[in-house]
Structures are given as structure tokens and as C-alpha cells.
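Counting starts at 1 for both ligands and their atoms, following the listed order.
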Amino acid sequence: MASTQFDRAADYLDLDQSVRERCKWPKRLITVTVPVQRDNGDTEVFFGYRVQHHLSRGPVKGGLRFHPNVSIGEVAALAMWMNWKCALMGLPYGGGKGGIACDPRSMSTRELENMTRRFTTEMLPFIGPETDVMAPDMGTNAQTMAWITDVYSTHAGHLVPSIVTGKPVELLGSEGRTQATGHGVAFTISRAFYKLGIEDTKATAIIQGFGNVGAHAAYTLARYGVTITGISDITGAIWNPKGIDINQLTEHVAKTHGVKDFPGADAIDPEEMLTQPCDALVPAALEQVIHADNAGKLQCRVLAEAANGPTTPEADTILEERGDIFLIPDVLCNAGGVTVSYFEWVQNLQHYQWSEQEVLSKLETMLEKAFENVMHFAETNQMSHRVAALALGVHEVAKVKATRGLFP
Ligand SMILES: NC(=O)C1=CN([C@@H]2O[C@H](COP(=O)(O)OP(=O)(O)OC[C@H]3O[C@@H](n4cnc5c(N)ncnc54)[C@H](O)[C@@H]3O)[C@@H](O)[C@H]2O)C=CC1
Ligand SMILES: O=C(O)CCC(=O)C(=O)O
């Protein structure tokens with residue numbers, strides 16, 4: 001998927017052959033084994049990965065994912081997308097992504113901590129504030145980042161907060177990072193509604209995924225006055241046409257670890273939920289959930305890609321032919337997370353802390369600019385929002401590759 005999307009953008013840009021090849025392939029693909037003693041005394045060996053797509057514009061930046069489906073191919077695609085996202089947002093980074101193939105839901109805190117610490121130790125030769133800066137992604141959180149900071153700092157002999165972003169605020173994480181991705185998703189949806197003449201307070205949204213991104217997108221949309229009619233997670237899907245109370249749902253999820261059986265809504269088939277009428281459909285969980293079989297059935301006005309890679313190229317073609325759905329592509333829609341990560345890194349390098357208001361206001365300024373750039377480029381060149389966003393990102397990387405040149 002990532003390669004196909006890159007090829008479409010590179011064809012449009014008519015990239016020079018050498019630059020095109022150098023933009024397309026990752027610089028480093030690292031695979032490590034991570035032995036962990038399970039609570040029952042057995043040792044289990046997990047596979048961990050980190051892909052550093054390119055370092056031409058600065059350190060690689062991107063999340064670390066703990067999920068059973070993690071593979072080197074998935075991580076490579078996610079790293080490639082991070083390039084174009086960082087470049088589109090004007091951040092001085094290349095793209096990276098990492099992950100461990102594991103089921104974090106079935107692991108104790110002790111096992112997760114040991115796995116994270118061992119993975120970090122294996123990664124020590126390859127990471128650093130100027131080479132590779134990780135952050136949370138699916139299945140990881142601020143605590144995971146705290147463990148990575150601790151291992152790296154212990155080896156350095158002093159605290160190195162700039163080794164990761166998305167840390168707890170007390171460990172010099174940034175105010176606003178936890179909610180940044182979801183906040184940015186809601187902000188771009190509101191911009192799309194404005195373009196389409198839809199009022200936030202009369203709009204409805206359906207969200208797949210109620211983790212860091214989905215839940216914070218839900219809070220912010222609800223704060224804007226949008227009615228959230230459907231939400232799903234790994235445990236099931238819930239539906240209430242009058243609106244789901246997000247605060248009550250959060251309490252329910254804290255107690256039961258899933259949205260299933262929430263008393264304030266009915267159960268609905270998770271697949272059917274995606275094709276219900278709504279103003280915004282927000283996939284905020286997995287890849288490839290909008291595919292050839294359901295793209296023709298979507299009844300949303302806006303498809304807001306909070307997750308990375310939720311739409312297959314086949315579905316993209318169907319949506320482009322339909323022409324009635326306003327796509328906010330992933331590299332724009334979820335870019336709030338890495339943008340505030342950049343702010344966190346900058347604050348750490350300056351030994352200075354910004355307020356939440358400052359962080360979110362700077363974030364909105366940067367998202368607004370990127371949103372308008374993508375819309376303008378798409379309109380001017382009569383292309384989809386996806387190809388426009390990718391072309392803008394790829395172009396920035398290509399310029400740097402061309403300028404730096406190729407050692408013979
Ligand atoms: N955390 C961040 O700052 C960023 C995350 N993203 C992307 O957003 C997406 C979600 O990430 P997070 O919210 O951080 O992960 P998370 O681990 O906090 O939450 C994931 C959510 O997806 C749900 N889920 C898992 N399988 C599902 C299924 N089959 N059907 C429905 N829901 C399912 C889980 O139950 C959970 O609610 C991923 O694609 C990630 O790459 C993108 C940019 C930044
Ligand atoms: O915050 C970051 O550095 C990376 C976030 C991320 O993994 C993503 O945007 O997909």
C-alpha cells in the first residue's frame with residue numbers, strides 16, 4: 001500500500017530516477033529478538049523491529065507499536081508514511097516506526113516493562129536524540145516511553161529526555177501530547193465540515209477505536225458539539241443515534257476494558273457500524289479497514305483517517321470514482337501527534353516547558369496551514385487529497401535528497 005501510494009505521488013512529481021529510488025527504500029531495517037521471562041517462569045522470545053526510512057532531513061521519528069500483527073513489512077510501510085507526514089508538516093525529521101509482535105492485553109505490567117527494557121537495550125546502538133526518537137503508537141503509552149527513557153539515560157549516565165516523546169509530563173513530557181493526535185483529528189474534521197458547510201453542532205460522527213487517538217478525537221468532537229453515534233473497539237461496537245456520552249463511556253472502559261455492554265447505547269455489528277449514515281467516519285484503530293467490499297457502501301460525508309493506512313488502494317479508487325466523500329488523508333489527519341512530539345523534543349533540547357495552551361495553539365496553527373496547503377494543491381492540480389498530501393511530503397524529501405547529492 002505504502003509503495004503504491006508513493007509511486008502515484010512520484011509519478012505525479014515526475015521524480016528524477018535516482019532521487020525516486022533513494023526516496024523509496026528504507027535506510028535501515030533492524031530486527032531483534034527480545035527474550036522475556038513470563039510470570040509463569042517460562043521464557044518467551046518476541047520479535048522486535050525498527051525501520052529507519054531516511055535520515056536526510058534529521059533524526060527519524062515515529063511510534064513504537066505492540067500488537068500481534070506487527071511485522072517488518074507493516075513497520076516498513078508505517079515508517080515510509082511517517083516520512084511524508086513529517087515533511088508535509090515541515091518537521092525536521094525522517095520517518096521511522098517500530099514494533100514488537102506481542103499481545104500486550106495478555107501481558108502483565110512486569111512482563112511489558114521487561115520486554116520494553118530489553119528491546120531498548122537491543123536498540124541502543126541505533127537510537128539517539130539526533131538519530132531516532134520513538135513515541136507511543138498502538139499498544140504503547142507514556143509509561144512505555146518512561147521505561148525507554150530510563151534505560152537510555154542509565155546507559156548515558158544522565159537523564160536524556162529527548163530520546164523519546166510522549167513521555168509522562170513529570171518526566172519532561174510535553175503538556176498536550178496525550179491528547180494531541182485526537183485533538184488534531186477533531187480539528188481537521190471541523191475544518192472539513194466548514195468547507196462543506198456542515199455545522200459542528202448539527203453533525204454526527206462514528207469512531208472505530210477508543211484508545212489514545214479515538215477517545216481523544218471523541219472528547220474534542222463532543223466538545224465542539226458533534227454527536228457521536230457509534231464507537232467500536234476490540235471488544236465490540238455500540239450505537240446510540242441520540243449521542244454517546246463520552247465521559248460515561250470512559251468510566252465504563254476504565255472499569256471493563258472495552259466499550260462492549262456500555263449501558264448508554266445498543267450493541268451493533270462492528271462492520272455494519274462503519275457503513276451507517278454519518279457526517280464523519282473516523283477509523284482510529286487498524287490498517288485496511290476501508291476496502292473494496294465496503295468502500296462503495298460508506299454513507300459518510302467526511303472520511304477522517306485517524307489511523308495510519310486505514311484505506312486500501314482499491315478502496316481509494318472506488319472513493320475517487322464516487323467523488324462524494326471528503327477524504328482527510330492519514331498523513332494530515334493524524335499529524336497532530338508527531339507535531340506535538342516535535343514540540344516535546346524542542347522543549348527537551350531547550351530544557352524549557354511550554355503550557356498546554358501554547359502547545360495546542362501552535363499545533364492548530366501548523367495543522368491549519370498543512371490542511372490549506374493540501375486543499376489548495378489538490379484543487380489546483382485536480383487530484384485526490386491523498387495524492388496531494390503525499391506529493392507535498394515526497395517533494396520536500398526529494399528536494400533534500402537532490403541537494404545533498406549521491407556519493408558515487
Ligand atoms: N498514538 C498516537 O499518537 C498516534 C497514533 N496513530 C495511529 O492511530 C491508530 C490508533 O492508535 P492508538 O489510539 O495510539 O492505539 P491504542 O492502542 O491506544 O488504541 C487502539 C484502539 O483500537 C482498538 N482496536 C483494536 N483492534 C480493533 C478492531 N479490530 N476493531 C475495532 N477497534 C479495534 C482497541 O481496542 C483500542 O481501542 C493507529 O493506527 C496508530 O498508528 C497515528 C498517529 C499518532
Ligand atoms: O509522535 C510521534 O513521534 C509519532 C507518532 C506516530 O507514530 C504517527 O504519527 O503515526
Side-chain angles (χ1 to χ4, degrees), residues 50-51 58-70 74-75 77-86 88-89 91 93-99 103-105 132-142 144-145 162-167 173-174 176-185 206-218 230-238 249-250 253 256-260 268-271 273-274 282-289 304-311 330-345 363:
R50 186 76 182 164
V51 174
V60 300
K61 190 81 191 82
L64 176 68
R65 177 177 285 203
F66 291 172
H67 192 274
N69 292 350
V70 164
E74 182 191 53
V75 171
L78 290 162
M80 196 192 218
W81 283 319
M82 284 305 303
N83 288 317
W84 322 137
K85 189 186 305 185
C86 292
L88 172 68
M89 294 305 297
L91 310 179
Y93 294 134
K97 203 78 168 198
D103 180 5
R105 286 171 64 90
D132 187 338
V133 183
M134 298 188 200
D137 191 83
M138 274 184 88
T140 58
N141 54 29
T144 323
M145 297 304 117
S162 51
I163 183 58
V164 289
T165 59
K167 300 174 291 292
S174 178
R177 176 59 184 89
T178 306
Q179 67 268 41
T181 311
H183 184 92
V185 168
I206 293 173
I207 304 177
Q208 181 193 51
F210 199 68
N212 174 275
V213 179
H216 285 286
I231 299 184
S232 69
D233 71 2
I234 195 155
T235 64
I238 56 171
L249 178 63
T250 304
V253 171
T256 67
H257 304 293
V259 301
K260 191 167 173 259
I268 183 172
D269 177 78
E271 272 298 309
M273 184 193 80
L274 298 178
V282 190
L286 307 168
E287 289 107 43
Q288 302 185 331
V289 293
E305 294 186 329
N308 287 301
T311 309
D330 47 9
V331 293
L332 173 65
C333 189
N334 67 34
V338 71
T339 304
V340 174
S341 276
Y342 165 63
F343 297 159
E344 183 172 326
W345 183 70
L363 170 64

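- Atoms of ligand 1 found under 4.0 Å from any heavy atom of Asn334, numbered from 1 in the order shown, are 42 (C), 43 (C).
- Using a 4.0 Å cutoff on heavy atoms, His67 does not count as a contact of ligand 1.
- For the atom pair Met145 CE and Thr140 OG1, the distance stands at 4.5 Å (nearest 0.5 Å).
- Taking every heavy atom of Ala307 and a limit of under 4.0 angstrom, the matching atoms of ligand 1 come to 8 (O), 9 (C), 39 (O).
- In this structure a side-chain-to-backbone donor-acceptor pair under 3.5 Å is missing from Gln208 to Ala285.
- Atoms of ligand 2 found under 4.0 Å from any heavy atom of Gly62, numbered from 1 in the order shown, are 3 (O), 4 (C), 7 (O).
- Checking only distances, Asp137 does come within under 3.5 Å of ligand 1, N or O to N or O.
- If you number the atoms of ligand 2 from 1 as listed, the ones under 4.0 Å from a heavy atom of Lys85 come out as 8 (C), 9 (O), 10 (O).
- Taking a 4.0 Å cut-off on heavy atoms, Ala284 registers as neighbouring ligand 1.
- Contact annotation: the side chain of Val164 never approaches that of Leu64 to less than 4.5 Å [non-hydrogen atoms, C-beta and beyond].
- The residue from Ile231, Asn212, Val259, Thr140 that puts a heavy atom closest to atom 16 (P) of ligand 1 is Asn212.
- Remark: Trp345 engages no residue in a side-chain hydrogen bond (donor to acceptor under 3.5 Å, both in side chains) (not counting sequence neighbours).
- For ligand 1, the atoms lying closer than 4.0 Å to a non-hydrogen atom of Asn308 are 6 (N), 7 (C), 39 (O), 40 (C), 41 (O), 42 (C).
- Between Trp81 and Val331, the shortest heavy-atom contact is O-CG1, 3.8 Å.
- Shortest non-hydrogen contact noted between Ala284 and Ile207 is CB-CG2, 4.4 Å.
- Remark: minimum distance from atom 3 (O) of ligand 1 to any protein heavy atom is reached at Thr181 OG1, 2.7 Å.
- Considering each of Lys61, Lys97, Arg177, the one bringing a non-hydrogen atom nearest atom 10 (O) of ligand 2 is Lys97.
- Atom 35 (O) of ligand 1 has its closest protein heavy atom at Ile234 N, 3.0 Å.
- Scanning the protein for heavy atoms near atom 13 (O) of ligand 1, the closest one is Val213 N, 2.9 Å.
- Listed by atom number, the atoms of ligand 1 under 4.0 Å from Phe210 heavy atoms are 37 (O).
- In this structure, Gly337 has a heavy atom closer than 4.0 Å to ligand 2.
- Side-chain contact of Asn141 with Thr144: a donor-acceptor pair under 3.5 Å is present, judged by distance alone.
- Nearest heavy atoms, Glu344 versus Lys167: OE2-NZ, 2.7 Å.
- In this model, a donor atom of one side chain and an acceptor atom of the other lie less than 3.5 Å apart for Arg177 and Ser341.
- Atom OG1 in Thr235 sits 11.0 Å away from atom NE2 in His257 (nearest 0.5 Å).
- Of the protein's non-hydrogen atoms, the one nearest atom 1 (O) of ligand 2 is Ser341 OG, 2.6 Å.
- At distances below 3.5 Å, not a single donor-acceptor pair connects side-chain atoms of Asn212 with backbone N or O atoms of Asp137.
- Nearest protein heavy-atom neighbour of atom 19 (O) of ligand 1: Gly211 CA, 3.2 Å.
- Residues Ala306 and Val185 share a closest heavy-atom pair of CB-CG2, 3.7 Å.
- With hydrogens left out, the protein atom closest to atom 29 (N) of ligand 1 is Leu286 CD1, 3.3 Å, a heavy atom.
- Judged by distance alone, the side chain of Asp103 and the main-chain N or O of Pro68 form no donor-acceptor pair under 3.5 Å.
- If you number the atoms of ligand 2 from 1 as listed, the ones under 4.0 Å from a heavy atom of Asn308 come out as 10 (O).
- Asp233 places a side-chain N or O within 3.5 Å of a backbone atom of Val259 that can act as its donor or acceptor partner.
- Although no hydrogens or angles enter the test, the distance criterion places no donor-acceptor pair under 3.5 Å between the side chain of Thr181 and the main chain of Val213.
- By the side-chain contact (heavy atoms from CB on, under 4.5 Å) test, Thr311 pairs with Ile290, Leu303, Glu305, Ala315, Asp316, Leu319, Arg386, sequence neighbours left out.
- Glu287 places no side-chain N or O within donor-acceptor distance of the main-chain N or O of Leu78, the cut-off being under 3.5 Å.
- Residue contact annotation: Gly63 has no non-hydrogen atom under 4.0 Å from ligand 1.
- Listed by number with element, the atoms of ligand 1 under 4.0 angstrom from any heavy atom of Ala306 are 7 (C), 8 (O), 42 (C).
- Side-chain atoms of Asn308 and Lys85, non-hydrogen and from C-beta on, do get closer than 4.5 Å to each other.
- Backbone and side-chain nitrogen or oxygen atoms of Gly214 are examined, and none is located within less than 3.5 angstrom of a nitrogen or oxygen of ligand 1.
- In terms of protein heavy-atom proximity, atom 11 (O) of ligand 1 is nearest to Met138 CG, 3.5 Å.
- At a 4.0 Å heavy-atom cut-off, ligand 2 touches Asp137 through the side chain alone.
- For Arg65, a nitrogen or oxygen atom sits less than 3.5 Å from a nitrogen or oxygen atom of ligand 1, counting backbone and side chain alike.
- Atoms of ligand 2 found under 4.0 Å from any heavy atom of Gly63 (numbered from 1 in listed order, with element): 4 (C), 6 (C), 7 (O).
- Considering backbone and side-chain atoms together, Met82 places no N or O closer than 3.5 Å to any N or O of ligand 2.
- In terms of protein heavy-atom proximity, atom 39 (O) of ligand 1 is nearest to Ala285 O, 3.0 Å.
- Near Arg177, the atoms of ligand 1 lying under 4.0 angstrom from a non-hydrogen atom of the residue are 3 (O).
- From the protein, the heavy atom lying nearest to atom 17 (O) of ligand 1 is Gly139 N, 2.9 Å.
- Counting the atoms of ligand 1 from 1 in the order shown, those under 4.0 Å from a heavy atom of Gln208 are 31 (C).
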